[in-house]
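When a ligand or atom number is given, it counts from 1 through the structure's own listing order.
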Amino acid sequence: MSELKLLCLPCDGIGHEITAATLSVLDTVVSELDLQIFIEHELVGFDSHKKYGTTLRDELLVRAHTEFDGVILGPMSTMDYPSVSEGGRNVSGGFRVGLDLYANVRPAKSRPSIQNKATGMDLVIYRENTEGFYPDRNMYQGVGEMMPDPDMALSVRKITRRCCMRICRQAFSAAAARRKKIAAIHKANVFLMTDGLFLECFREVSREFPEVQTEEILIDAFAALLVRQPEVYDVVVTTNFYGDTLSDLASELSGSLGLAGSINANAETGLCMAQAQHGSAPDIAGKNIANPTSLILSLAMMLEWLGDRRGDMKLRTAGRVTEMAVDQVLDNPDYWTRDLGGSASTAELGGYVSEAVCGIAQASAIKS
Ligand code: NAD
């Protein structure tokens with residue numbers, strides 16, 4: 001019997017709505033595929049700040065590490081958080097570093113039914129998640145940004161061999177199982193040491209995967225090439241900030257940021273966190289009009305990733321069925337939310353995906 005214990009953290013803004021829709025889909029998957037998934041809800045973000053004086057308690061990180069197989073995290077209203085000294089911790093950064101979830105996996109796929117600017121795109125970006133320019137996660141003590149005086153601000157970027165090697169290895173493994181093509185995105189013509197070290201690691205790992213065809217592309221050129229020939233790329237590996245930016249570009253080219261799933265994972269510990277790519281969308285929060293697709297697809301990715309890692313076919317199938325159900329729903333404009341030009345509510349879209357899960361599971365008699 002496939003068993004999982006998941007920690008669910010709706011967080012801020014549209015987080016509660018899209019998490020509720022995602023959990024309704026998970027309920028259906030659990031009953032259709034006869035899985036055992038236990039879910040515990042906890043507070044992070046503003047809900048946690050109100051009750052505990054901090055947006056993220058250390059205790060939750062410890063529990064996520066020791067008691068759970070995976071985390072479902074909603075989006076944060078980071079821009080509105082109070083300062084760190086007043087309890088405004090970056091929840092996502094806290095989990096990524098606290099659980100050492102070094103691989104942020106962000107697929108972007110254009111669908112014929114959804115208006116997009118990237119016909120034929122089907123790629124996945126492997127973004128390093130635990131260092132780089134991000135000041136809340138690149139220092140042992142202190143933060144990677146400082147102001148020597150009120151008119152000067154400095155930012156430190158940390159790139160390590162260990163982190164470059166492990167993200168490259170994950171990306172190459174994925175490429176070997178896909179179209180056997182990988183592109184490293186960098187700016188080593190200017191950042192000679194930091195991006196230079198990243199490229200050195202990319203080349204070293206490439207020797208372990210002789211069957212994978214490699215390409216090295218400058219980030220500025222890649223931004224243009226992604227728009228010009230999106231169908232060419234398969235697996236893309238890069239450092240933290242470049243990956244963050246390029247994955248939003250790729251998702252938007254595929255039709256909407258609201259369609260973009262992602263996981264944060266550590267292949268060695270087996271921990272995984274499903275997290276939508278977009279933010280907390282305060283402009284539409286509480287209106288039941290947000291598109292929950294991104295978080296539902298993130299859940300699908302997490303189930304498949306956990307299934308792969310444990311050799312558990314049922315979990316793997318659960319992920320695949322969820323993704324197929326989303327694809328089916330997105331094929332029908334009557335089921336679209338407002339961001340895609342439709343009028344379905346967040347909860348309705350979740351309901352349509354659940355119905356599609358039932359249809360797929362019953363048609364293929366998966367349970368038996
Ligand atoms: P955003 O992604 O929240 O919103 C950008 C635009 O996309 C908005 O018009 C919004 O309505 C729309 N949008 C986003 N998700 C949608 C969905 N699921 N369905 C329909 N429309 C959707 O970015 P922002 O407005 O720049 O940031 C808002 C807050 O989110 C800020 O506090 C920011 O710091 C935070 N943020 C958090 C994360 C995260 O939690 N990982 C990521 C990015 C931004």
Taking only non-hydrogen atoms of Pro282 and a 4.0 Å limit, the atoms of ligand 1 in range are 28 (C)

Does the protein put a heavy atom under 4.0 Å from atom 2 (O) of ligand 1? yes

So, Thr160 and Glu131: side-chain donor and acceptor under 3.5 Å apart, yes or no? yes

Cut-off 3.5 Å, side chains only: do Arg169 and Ser173 have a donor facing an acceptor? no

In the protein, which heavy atom is nearest to atom 35 (C) of ligand 1, and how far is it? Met76 O, 3.0 Å

Arg338 near ligand 1 by a heavy-atom separation under 4.0 Å: no

Any N or O of Ala281 that comes nearer than 3.5 Å to an N or O of ligand 1? yes

Numbering the atoms of ligand 1 from 1, which are under 4.0 Å from a heavy atom of Pro75? 40 (O)

Is ligand 1 under 4.0 Å from a heavy atom in the side chain of Asp339, in the backbone, in both, or in neither? side chain

Using distance alone, with no hydrogens and no angle criterion, decide if Arg106 and Ser251 have a side-chain donor and acceptor under 3.5 Å apart. no

Give me the ring orientation class for Tyr352 and Tyr335: parallel if the planes are under 30° apart, tilted from 30 to 60°, perpendicular past 60°. parallel

If only side-chain N and O atoms count, and only distance matters, is there a donor-acceptor pair under 3.5 Å linking Asp47 with His16? yes

Ligand-side contact atoms (ligand 1) for residue partner Ala290, heavy atom cut-off under 4.0 Å: 19 (N)

Could you walk me through whether Leu330 and Val326 pass the side-chain contact (heavy atoms from CB on, under 4.5 Å) test, one step at a time? CA-CA 6 Å; Leu330 292 180; Val326 168; 3.8 Å; yes

Please determine if Ile289 has a nitrogen or oxygen closer than 3.5 Å to a nitrogen or oxygen of ligand 1. no

Any N or O of Asp283 that comes nearer than 3.5 Å to an N or O of ligand 1? yes

Per-atom contact, atom 26 (O) of ligand 1, protein heavy atoms, under 4.0 angstrom: no

Salt bridge or not for Arg320 and Asp308, using N-O below 4.0 Å? no

Does this structure show an ion pair linking Arg166 with Glu268, if we count only N-O contacts that are shorter than 4.0 Å? no

Note: ligand 1 atoms sitting under 4.0 Å from heavy atoms of Ser77 are 32 (O)

Is any N or O atom of Gln277, backbone or side chain, closer than 3.5 Å to an N or O atom of ligand 1? no

Give me the nearest non-hydrogen protein atom to atom 32 (O) of ligand 1 as residue plus atom name, then the distance to 0.1 Å. Met79 N, 2.9 Å

Is it true that atom CZ of Phe241 has more than 12 heavy atoms of other residues, nucleotides or ligands lying nearer than 6.0 Å? no

Can you find a protein heavy atom closer to atom 5 (C) of ligand 1 than 4.0 Å? no

Contact between ligand 1 and Ser280 is defined here as a heavy atom of the residue under 4.0 Å from a ligand atom; is it met? yes

Tell me whether the rings of Phe172 and Phe209 are parallel (<30°), tilted (30 to 60°) or perpendicular (>60°). parallel

Residue selection (non-hydrogen contact nearest atom 22 (C) of ligand 1) among Ile284, Thr337, Thr293: Ile284

Candidate with minimal heavy-atom separation from atom 42 (C) of ligand 1, of Gly279, Pro292, Gly74: Gly279

May I ask you to check whether Asp195 and Tyr242 show a side-chain donor-acceptor distance below 3.5 Å? yes

Test item: Asp69 side-chain N/O and Leu271 main-chain N/O as donor-acceptor pair under 3.5 Å: no

Relative to ligand 1, is Ile18 under 4.0 angstrom through side chain, backbone, both or neither, heavy atoms considered? neither

At a 4.0 Å cut-off, with the gap strictly under it, does some heavy atom of Ser92 reach an atom of ligand 1? no

Does the N or O separation between Leu257 and ligand 1 drop below 3.5 Å for any pair? no

Note: ligand 1 atoms sitting under 4.0 Å from heavy atoms of Asn291 are 17 (C), 18 (N), 19 (N), 20 (C)

Counting from 1, what ligand 1 atoms have a heavy atom of Gln275 closer than 4.0 Å? 41 (N)

Of all heavy-atom pairs linking Met302 and Ala274, the shortest is SD-N, 3.7 Å

Hey, which of Asp122, Asp331, Asp327 is the one that makes salt bridge (Lys or Arg N to Asp or Glu O under 4.0 Å) with Arg111? Asp327

